[in-house]
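Reviewing the structure listed below.
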Amino acid sequence: EVQLLESGGGLVQPGGSLRLSCAASGFIFSTYAMSWVRQAPGKGLEWVSGISGSGGSTDYADSVKGRFTISRDNSKNTLYLQMNSLRAEDTAVYYCAKDLRVGSSSYSDYWGQGTLVTVSS
Amino acid sequence: DIVMTQSPDSLSVSLGERATINCKSSQSVLYSSNNKNYLAWYQQKPGQPPKLLISWASTRESGVPDRFSGSGSGTDFTLTISSLQAEDVAVYYCQQFLFTPRTFGQGTTVEIK
């Protein structure tokens with residue numbers, strides 16, 4: 001059974017940093033692309049970032065490019081999202097998702113329960 | 001970025017009746033090399049993460065009831081719930097995954113009338 005468990009969320013001041021983690025199990029982690037998707041309170045879904053199975057290829061939404069860094073440790077079956085220069089508009093539940101990749105495209109087939117990030121002074 | 005527009009924003013349907021959600025993309029998400037539509041549908045129940053219902057516009061995921069069906073091609077897509085059940089109350093999102101960034105529709109809330 002696929003399991004994705006996010007952690008690392010919390011309250012942070014504007015301009016601050018936070019690192020999210022996602023522990024994966026139930027599948028061969030290194031063979032799957034992964035993504036982070038966020039959802040602001042009461043709002044819709046926004047894809048944030050994706051990474052290939054090897055970690056050699058990454059993509060970002062323009063809204064986070066240059067501030068967020070996605071990475072993975074395949075030896076630990078863990079996905080990360082380093083978030084710097086946080087803004088109030090980054091406040092959201094952040095979901096980790098397992099991707100199915102077809103060529104250069106991917107869609108998410110399993111999602112974690114999410115971790116809440118609140119950016120406020 | 002590709003804009004995905006869903007209609008309606010909310011839908012109230014009687015139990016056992018049909019629910020239809022539309023999704024329109026600002027550019028075609030049909031990839032000519034493989035003739036596949038790069039379009040997925042997700043269901044999100046209150047307090048839960050999204051769940052993948054349909055990929056490739058019309059391929060139902062394993063375990064998804066057959067009352068859910070997807071159709072359409074190019075820029076216009078439809079999710080149909082043929083006979084609404086109480087457990088189908090949720091927000092439904094379409095997403096294109098042909099282009100980066102992958103973009104979602106704004107969501108359609110389905111309620112029981």
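Numbers restart at 1 for each chain; the letters A, B, ... are given by sequence-line order, proteins then strands. Below, each value reflects all heavy atoms present in this structure, side chains not excepted, and no hydrogens, waters or symmetry copies.
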Flag side-chain contact, heavy atom, 4.5 Å: B:F97 against A:V102: no
Flag side-chain contact, heavy atom, 4.5 Å: A:Q39 against B:Q44: yes
Which portion of B:Q48 sits near chain A, non-hydrogen atoms under 4.5 angstrom: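 Just its backbone gets close to chain A.
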Proximal component of B:Y42, with respect to chain A [non-hydrogen, under 4.5 Å]: side chain
Co-membership, hydrophobic cluster, residues [X] and [Y], 4.5 Å side-chain:
| X | Y | value |
| --- | --- | --- |
| A:L100 | A:I70 | yes |
| B:L30 | B:F77 | no |
| A:V2 | B:L52 | yes |
| A:L79 | A:L5 | no |
| A:L11 | A:Y94 | no |

Minimal non-hydrogen separation, A:L45 against B:F104, with atom names: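 For A:L45 and B:F104, the tightest heavy-atom pair comes out as O-CD1, 3.4 Å.
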Minimum heavy-atom distance between B:Y93 and A:G44, given as atom pair plus value: OH-CA, 3.6 Å
Partner chain A: residue of B:G107, B:A40, B:S55 with the largest heavy-atom pair count (under 4.5 Å): B:S55
Top contributor to chain A contacts, counting heavy-atom pairs under 4.5 Å, from B:Q96, B:Q106, B:R102: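 Most pairs with chain A among the choices: B:R102.
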Over 12 non-hydrogen atoms of neighbours within 6.0 angstrom of OH in B:Y31: no
Neighbour count above 12 (heavy atom, 6.0 Å) for A:K43 NZ: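 Counting neighbours around NZ of A:K43, 12 or fewer heavy atoms of other residues, nucleotides or ligands fall under 6.0 Å, so no.
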Region of A:V37 that comes under 4.5 Å of a non-hydrogen atom in chain B: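 Only the side chain of A:V37 comes within 4.5 Å of chain B.
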Proximity breakdown for A:E46 and chain B, heavy-atom pairs closer than 4.5 Å: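 Just its backbone gets close to chain B.
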Residue-level interface, residues 104-121 of chain A with chain B, non-hydrogen cut-off under 4.5 Å: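 From residues 104-121 of chain A, the residues near chain B are A:S105, A:S106, A:Y107, A:S108, A:D109, A:W111, A:G112, A:Q113.
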Stepwise side chain to side chain contact (heavy atoms under 4.5 Å, CB included) test for B:T100 and A:W47: CA-CA 9 Å; B:T100 300; A:W47 175 84; 3.9 Å; yes
Residue pairs fulfilling side chain to side chain donor-acceptor pair (under 3.5 Å) with at least one residue in residues 66-79 of chain A, sequence neighbours excluded: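 Output for this query lists A:R67-A:D90, A:R72-A:N74, A:D73-A:S75.
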